[in-house]
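Input: a single structure, listed below in structure tokens.
Bear in mind the structure is a predicted one, so any value in this text is a computation, not a measurement.
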Amino acid sequence: MIDVSQWRASIGVWNYCQAASSRPANGRHSHSFKAAIDSKSGSTTSGEKTSKLPAALSLIAFLLLLFHSLSLLRHILMIPPAGNCYQVQCTTGVTVTDTNYLQSVALAGCSSSNLIYNDLYLIVCLCILLLLSGDIERNPGPVTGNPKDILRTHSVKLVDSISIDIPRTAYALYAKGLIPQQTKQEMLVPAVDNYTKAANLMNVIEQQLKSSLNPQQYLTEVLHLTMSVHIFYHHHFMMYPIYKLLMKEVNQSKTASIPDDVQGYADNMRQHYKHQPIVATDWPPRIGKNFFGRLALVEKQDSSTQAESAWHLLRGQVDETVKLTENKEISVEDILYPTDSSLSLRVVIDGPPGIGKTTLCRKLLNMWSNGKLPHQQYDLVLYCPLRNSKIATATTLADLFEYESDKVSKVVDWLSGREGKGLLIIFDGWDELSEQLRQSSLATGIIHRRKLFQCSVIVTSRSYASSSLLLKLVTRNKHVQVIGFSEKEISTVIIRTLQKDSKLAQELIDKKREDDKNYSLFTTTQSSKDSQLAVKLINNLKVRNDVQSLCYIPLVCSMVILVYCKEKGHLPTTLTQLYENFILQTIRRHVEKRDIDPYTLGSLSSLPSQLAIPLEEMCHLAYTNLANTRMTFSSHKVQSLSEAVKEDYLGLMTTFIEYDEKSYQFLHLSIQEFLAAWWIAKHEKKAEEVFKDHFDDDHFRMCLRFVAGLTHLEHESYQHYFNKQKIDLQCNRDPLPGFEALNRSCFYQNPEIREKHDHFNSHNCDNFPIFLLQLLYEAQNTNLCLVLAESIKNHSLCLREVLSLFDWLCLIYCINNSNIKWNHLHLVYLPNQELSVLTDELSISNSSLQTQCKTLQTILQKPNELMHKLLDLQSSLFYHIQEFYCELNNGKYDHCFVLLQFLRLPRLRILHLIINDLITTIVDNIWHADILMELEKYIQSHSILQEMKIQYEGNKAVTGIFTSIIRGVTRNKTIISLLLHVYLPCDVPSLFPLPDGVIEQLLKDNSTLRALSLNIPDELLPLSLNIVEVNTPLTALEIRGWRSSKLVTSSLLPHIKGLHCLILDDPYPPPLLFLSHPSLHILTLPLDTAKSAIELFTILQTNTTLKALRLEIKEESVYTSSMGTSLQDMLMQNQTLKYLEVNNAIPSSFLSFLTIGLRHNTSIQQLSVSIQPNEEEDVTAFINLISQKKNLTEFEVKLELDGICSNYSEEKKEKIMALLFYEHVLPSVTDFLQSHATIRLLKIEFKCVNWGLFQQNWTEPVCCLHNIIFTHPSLEYIHIDTGHRITPIFPQFFLTLRKNELLNECRKHRPNKPLPITKL
């Protein structure tokens, strides 16, 4: 192996690399490029170097010739290369300026056959670099020239050079911090040609050079990196003369280094800043030691959003502020990022008190002291707290130097001579300056660039005082708002504060990120008590988001952590308890100076008089100002306070200067609200009247919550808030069509309970009493839970709104402590976190309470072991459940065990369990025989269960569990309805089929089943099916499946007699069907031939029992003239059929048979058809005909008009469809409603209508339709579906303007009827 470090290059570029890698913290090189070379080579005269140049060139020419000769020989001998010894990918950011890179190409791993070839190639490369370094050393030149001019002069040649390899050049520059990450990403866009990319890259380099504090150094690094890419990756030596000339000019432009006195003072300040804590405050206790990454910074690009941003902050919705369209979230590293402005940097940073502005300043100081301040290289950074009177009243630059030194005068002279170039001043606390000093002071002069115009400035201020500065500082570069912790950062803060071990803390942070990504509950396997404490607090705050929403402020976050630790890992039950604890801890902290033992203070209610009286005065001050919506108040407002209060305000208030007047405010708005509530609860004689006066005031809501927590709302006058008129919170669903309602009644005892998500938004959806629930929880008053529950209509509650976890906790608290029997609880979605809250709340319920629930309906999202724990609880709420409708969406659980737990509910009569587990992890993939046997026996012996529906969709082995269910039902004596549905994906692996004889045994031995629904795929069907005897008294039968239904149908139907309801997936001969079941009331039958259709319609001409018919036309060939005639005759002669549905499109040629038959029919009440008219007139004629049928109360039509415009382009088709809809369909529907006074349900489906093509002249038909909808005497439901879920049919502004007017009209014309359900 060749030791490259022995080469002469080590005294050229090689040694420069060493100097660059050991750059000091100030960002400057400790030696110039020339000095780095001279230190190794000694002082060689220029003449000597000149004489050596021809010899060096001759040597290189010889080596190049030898190199190419060996290369040719290598190809002749076909010697394969052994590894890419020199071709190192640039993704690592390694370049020629890295010593390690050159050493890494010392041929490690190369075979001996390639040794000479590789060695000579390395020699040539190093000789070129040696020559270049020697040339720079030989021609230092005078100190003249400007790097910006140099780059501009040679920019054309450099663009050509860079364009050779854009990706490697960009990565190399980014790795050294010479270009931003965004620029690097832009260089990878394939759609832009290389020359354009190179030109864009050159523009960025020019901008960076312009903002650099050491432009010579910046340009030197850029040139060396681009040169190294050419030589080591492309063997490209032709650009050498260009780089040689550029480096010569750059070297001549080098300026003098920073003076020793300035460098010494800067080094001293670095040491000082490095060792001071980043978090300055000591009360509340610091959050973390040096942790900072908690502050979200928002670049305020438009001051008009300040009010909206302040509102979000007031409510604790920190993460909402960064979503404002005018805002952009940035990191602390981006604060000093250069802008396009040629002026020196001016940054205004504002935020509310306690948010961490000073902490941010200290972080910047710490970054500078450690050499980690990106984008800008400052020689000196001065921290100037404006609360310091010396700095606030400073008249000279020397007065701003907080730390004295005999070097200050020289530093000041040097900075003044440079007009502040290389200096960053941080003015902390603009709001603490008097109005006079804000107008005229040294700090003001520097901020407004009247002095030291070259220096950079950061100004911090509280939000209320920053507006005047922003108005005057029109040339500011940035306005940044500190908004506090984001939701994710709160968790990180808690972990780093409680877990002092940095490694364990980082593991926890990574685990939290992973659990959030998987939507899982945060857990840890660490045995450390501190880690477990952090995990518990984070999970508690996830539920108590009323507390978490206040933790975005570091002050409050610290308070929560403090109280949590004081309570030994328990978060107080209510917000009131939390604040009472914190305020007590704060008073304890501030009474030590009064010679009072803080540990004798047990509670706020038992404070000694010397503290109780000052606290009472402060509570009164908090209340009077809150009542007048004042958060800050002037000095005359506190004149009446006693001297004991004014001494330190018990540590609960802060002061600041505003417009030359001393002002006051509490540490946080929530503290003022708590103290105001304390005054109302403890000192107001008529607290109930004060509560009443402010009940509807949103501004007072938090205060009233504290009042509820302090008074427990025990006075009887509070009951009238909860004893409302009947609050309607029942499920609002789409009404069932007549056919579906009749069909479901055959299989379900409660047909209105549906798994289908068909709720609609009720006009009463705002009735959900969230605030009352919050008051109940804060008061912990179970009597009021009963009062509120009794006011809910029918004791039925449907929760479709997305509640926060805290609101969900409040709701469960109310339900669990209501002590009533709920008829129906529909908790639509229960993810694991909500499930955890429910489980925890039920586990601590009062055993004396007898809260019951008759019907429970829910969807569990990704359930886990919490579901097992919940079902095992001896809770009265679950104990009395009679009907349980549950859907399990994925998760980790044992199907068989869950089913057993459901069946063990002692009062259970109806169980519907839907399992969707395409990605479920089953705890035990293979159920043991004992648990399957237990399931079978439990179903067999169940003496109450009457209805069971088990539906499974997934790809797991479910043969065993379905076998146990069927065998258990076979011997059960109470079950009258059984529904077993299995849906397997197409790529499911082979599964074991059901055992032979299991279905036959069910039909033979069971004596109670009246309704049976089977949807079993081929994979689960028994290998043989031989049904010879059916003793089960079936009246309703549904047989579905992919291909299996045909086998089951042919085997089963011949042995069953007397069905009333039959649903088939495959055709079956109508004569045989009605021969065995002459009393059929409901029939769903596919038709695949015209013959079978004619047979069916012929039978129905004289049939008097069938009430509902649903047809599925399998083939278009079924539609023949003979079939049409038979349908027409059936409709004319049959007068008992009430519900008719034809699911497949009826062609236009067949439409006349349908219309003639319907014209003479008087019995059909519901009609659902799909038609394909060829002309617009066909649509109008058909709808007009239906409007004349007064017996029809439900009408659904699907219009498929593709045939009308099948030959047009998509664009023209959309225009035609819009024209048809607005000028033909809508007017026809309006006429239909005007002439048909008995219609209840109306649905029109008309696909592909583009609302964007709406024309103003179509407003009139839209208005007419709306008017008739809301004034119609009988209409209950109308749905016009155009196939666009996110685009309305009608302009949104139109609906908004007319909504209230239409509702008033509706109430006027239908005083005793509910509002119609409209889906437009």
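Annotation for Lys390: atom NZ counts as buried by contact number, over 12 foreign heavy atoms lying within 6.0 Å.
Between Ile613 atom CD1 and Met618 atom CE the span is 14.5 Å, to the nearest 0.5 Å. Note that CD1 of Ile426 is 11.5 Å distant from CG of Leu386, once rounded to the nearest 0.5 Å. To the nearest 0.5 Å, atoms NE2 (His712) and OG1 (Thr574) are separated by 8.0 Å. From Ile538, atom CD1 reaches atom CG of Leu498 across 8.0 Å, with rounding to the nearest 0.5 Å. With rounding to the nearest 0.5 angstrom, the SG atom of Cys619 is 10.5 Å from the NZ atom of Lys682. For the atom pair Lys529 NZ and Leu533 CG, the distance stands at 10.5 Å (nearest 0.5 Å).
Under the 3.5 Å distance criterion, the side-chain polar atoms of Lys500 are matched with a main-chain donor or acceptor of Thr497. The backbone N or O of Gly429 lies less than 3.5 Å from no partner atom in the side chain of Lys357, so there is not a single donor-acceptor pair. Between the Arg544 side chain and the Pro572 main chain, a donor and an acceptor come within less than 3.5 Å of each other. Counting only distance, with no hydrogens or angles, the side chain of Tyr623 and the backbone of Ala677 share no donor-acceptor pair below 3.5 Å. Under a 3.5 Å cut-off, the side chain of Asn388 and the backbone N or O of Cys384 do not form any donor-acceptor pair. With hydrogens and angles disregarded, no donor-acceptor distance shorter than 3.5 Å links the side chain of Thr460 to the backbone of Ile349.
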For the pair Phe691 and Ile680, evaluate side chain to side chain contact (heavy atoms under 4.5 Å, CB included) and give the outcome as yes or no after the intermediate values.
CA-CA 8 Å; Phe691 190 92; Ile680 296 172; 5.8 Å; no
Leu615 and Leu675: CA distance, side-chain angles, deciding distance, side chain to side chain contact (heavy atoms under 4.5 Å, CB included) verdict
CA-CA 9 Å; Leu615 178 63; Leu675 294 177; 4.1 Å; yes
Starting from the C-alpha separation in whole Å, work towards a yes-or-no answer on side-chain hydrogen bond (donor to acceptor under 3.5 Å, both in side chains) for Ser528 and Gln499.
CA-CA 9 Å; Ser528 168; Gln499 178 50 266; 3.0 Å; yes
Check the pair Cys785 / Asn816 against side chain to side chain contact (heavy atoms under 4.5 Å, CB included), numbers first and verdict last.
CA-CA 9 Å; Cys785 293; Asn816 192 40; over 6 Å; no
I'd like to know whether Cys557 forms a side chain to side chain contact (heavy atoms under 4.5 Å, CB included) with Val493, so could you lay out the CA-CA distance, the side-chain angles of the two residues, the decisive distance to 0.1 Å, and finally the verdict.
CA-CA 9 Å; Cys557 188; Val493 169; 4.0 Å; yes
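Thr851 and Asn819 form no side-chain donor-acceptor contact under 3.5 Å, judged by distance and modelled atom types alone. A side-chain donor-acceptor contact under 3.5 Å links Glu567 and Asn581. Residues Thr839 and Ser836 have side chains that never bring a donor and an acceptor to within less than 3.5 angstrom of each other. In the model, Tyr273 has no side-chain atom that pairs as donor or acceptor with a side-chain atom of Asn366 under 3.5 Å. Between the side chains of Ser717 and Glu688, not a single donor N or O lies within less than 3.5 Å of an accepting N or O. Between Thr358 and Asp428, the side chains place a donor N or O and an acceptor N or O closer than 3.5 Å (distance only, hydrogens not considered).
None of Asp530, Val535, Ile509, Leu504 except one satisfies the side-chain contact (heavy atoms from CB on, under 4.5 Å) rule with Ile495; the exception is Ile509.
Side-chain rings of Phe700 and Phe695 stay apart, their centers remaining 6.0 Å or farther from each other. Checked against a 6.0 Å centroid threshold, the rings of Tyr579 and Phe706 count as neighbours.
At least one side-chain heavy atom of Glu616 sits under 4.5 Å from a side-chain heavy atom of Trp679. Between Thr782 and Tyr813 there is a side-chain heavy-atom pair separated by less than 4.5 Å. Looking only at side-chain heavy atoms (C-beta outward), Glu841 and Asn817 come within less than 4.5 Å of each other. When side chains are defined from C-beta on, Asp840 does not count as touching Val543, because their heavy atoms never get closer than 4.5 Å. Within the 4.5 Å cutoff, the side chain of Leu611 has heavy atoms near those of the Leu601 side chain. By the 4.5 Å heavy-atom criterion applied to side chains, Ser491 and Ile494 are not counted as neighbours. Side-chain contact between Asn540 and Val547: absent, with no pair of heavy atoms (C-beta onward) separated by less than 4.5 Å. Within the 4.5 Å cutoff, the side chain of Ile391 has heavy atoms near those of the Pro385 side chain.
A salt bridge does not link Arg701 to Asp697: none of the charged side-chain nitrogens sits closer than 4.0 Å to a carboxylate oxygen.
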Under 3.5 Å, which donor-acceptor pairs link side chains of residues 771-779 to any protein atom two or more places apart or in another chain?
from: Gln774; atom 1: NE2; to: Asp807; atom 2: OD1; distance (Å): 2.9
from: Tyr777; atom 1: OH; to: Thr573; atom 2: O; distance (Å): 3.2
from: Glu778; atom 1: OE1; to: Arg705; atom 2: NH2; distance (Å): 3.3
from: Glu778; atom 1: OE2; to: Leu575; atom 2: N; distance (Å): 2.9
from: Glu778; atom 1: OE2; to: Thr576; atom 2: N; distance (Å): 2.7
from: Glu778; atom 1: OE2; to: Thr576; atom 2: OG1; distance (Å): 2.7

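Minimum heavy-atom separation, Gln532 to Gln526: NE2-O, 3.2 Å. The shortest heavy-atom contact between Val787 and Gln719 is CG1-O, 4.0 Å. In terms of heavy atoms, Phe674 sits closest to Ile583 at CD2-CD1, 3.2 Å. Heavy atoms only, all atoms of each residue included: Tyr383 and Leu365 are closest at CB-CD1, 3.6 Å. The two residues Arg438 and Leu433 come nearest to each other via the heavy atoms NE-O, 3.1 Å. Shortest non-hydrogen contact noted between Gln548 and Ile490 is O-CD1, 3.7 Å.
Residues passing the side-chain hydrogen bond (donor to acceptor under 3.5 Å, both in side chains) test with Glu790, sequence neighbours excluded: His795.
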